[in-house]
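Step one of this worksheet: look at the structure below.
Start at 1 and go down the list; that is how both ligands and their atoms are numbered. Just so it is clear, the structure is predicted and the values come from calculations on it, not from any experiment.
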Amino acid sequence: MDVRISGTHFPLEALGPGRRLGVWFQGCSLACAGCMSRHTWDARGGTHVSVSALLELWGEALERGAEGLTVSGGEPLQQPDALAGLLAGAAGLRDAAASGSATGAGAGGIAAADLLVYTGYELDELTPDQVSALRHADAVVTGRFRVAEPTGLVWRGSANQRIRPCTPLGVVRYAPHQERESTGARLQAVVDTGTAVGLRLYGVPLRGELAELERQSKSAGVSLSDPSWRP
Ligand code: SF4
């Protein structure tokens, strides 16, 4: 099974607890005003990869001590079959890693790595296929990004967004954070030297943080061309 993605990154440290594998799906028709990831909107953009290739990355991440998988976008639930396959495979590899350890802990000493999905949908908007796609998720962050409702809540971009634990592991990992304000850095910057020098930002910025980044870059003599949050 194939999936269209915008990218992957390990270790991701700004969307969920611990060091995680991040997978960003490509394609989102929800078009929230103020979205920082407009480059993920075009369903024909990004890269076509197989779910099994992503699961290979997940297996490698587990061996390197990954504490979780974060699937974001774009809108993961606009490719529900691929999301279902990815989460089912990721849960299987995670469970095998946890049970294969002599101590009962998984790779890197982690008892179990959690599976977190970001969606712009509310739960009552989901089709049966989309609900089914989330069957193996330990927690889901729901809701559109609303630029007029800024928040300091950890791992969320606007105050309406909710963390919803779905499994016992999800409750352990996420219930303590549902009303928690972030205290550390909300953005993780990674320099991408692949085709051209680029700056990738992972996480959810505070209101005005991206404009401030543009201002500071400009005053340092660095111009950001085509930032993904500009129309
Ligand atoms: S914030 Fe998320 S749901 Fe909203 S347009 Fe951007 S990618 Fe889509």
* Asked: Would one find an N, O or S atom of C35, in either backbone or side chain, under 2.8 Å from atom 6 (Fe) of ligand 1?
  -> yes
* **Under 4.0 Å to a heavy atom of A31 - the qualifying atoms of ligand 1, by number** => 5 (S)
* To do: Could you check if a side-chain atom of L57 sits within less than 4.5 angstrom of a side-chain atom of V23, using non-hydrogen atoms only?
  => no
* To do: Check for a donor-acceptor pair, side chain of Q161 on one end and backbone N or O of V141 on the other, with a separation under 3.5 Å.
  => no
* **ligand 1 contact on C32 by region, counting heavy-atom pairs under 4.0 Å** => both
* Asked: Relative to W58, does R94 satisfy both conditions: NZ or CZ under 6.0 angstrom from the six-membered ring centre, and within 45 degrees of the ring's axis?
  -> no
* Heavy-atom nearest neighbour in the protein, as seen from atom 2 (Fe) of ligand 1, with distance rounded to 0.1 Å -> G74 O, 4.5 Å
* Can we call the ring centroids of Y202 and W24 under 6.0 Å apart? -> yes
* Run the numbers for me: atoms of ligand 1, each under 4.0 Å from some heavy atom of F145, listed by number. => 1 (S)
* Asked: Is a donor on one side and an acceptor on the other found under 3.5 Å between the side chain of E149 and the backbone of S158?
  -> no
* Asked: Is a side-chain N or O of Q78 found less than 3.5 angstrom from the main chain of F25, in a donor-acceptor match?
  -> no
* To do: Could you tell me whether the side chain of R4 and the main chain of R44 form a donor-acceptor pair under 3.5 Å?
  => yes
* Sub-4.0 Å heavy-atom approach of S37 to ligand 1 -> no
* Structure fact -> Of all protein heavy atoms, the one nearest atom 3 (S) of ligand 1 is C28 SG, 3.7 Å
* **ligand 1 contact on Y118 by region, counting heavy-atom pairs under 4.0 Å** => neither
* **Interfacing atoms of ligand 1 (cut-off 4.0 Å, heavy-atom, W41)** => 5 (S), 6 (Fe)
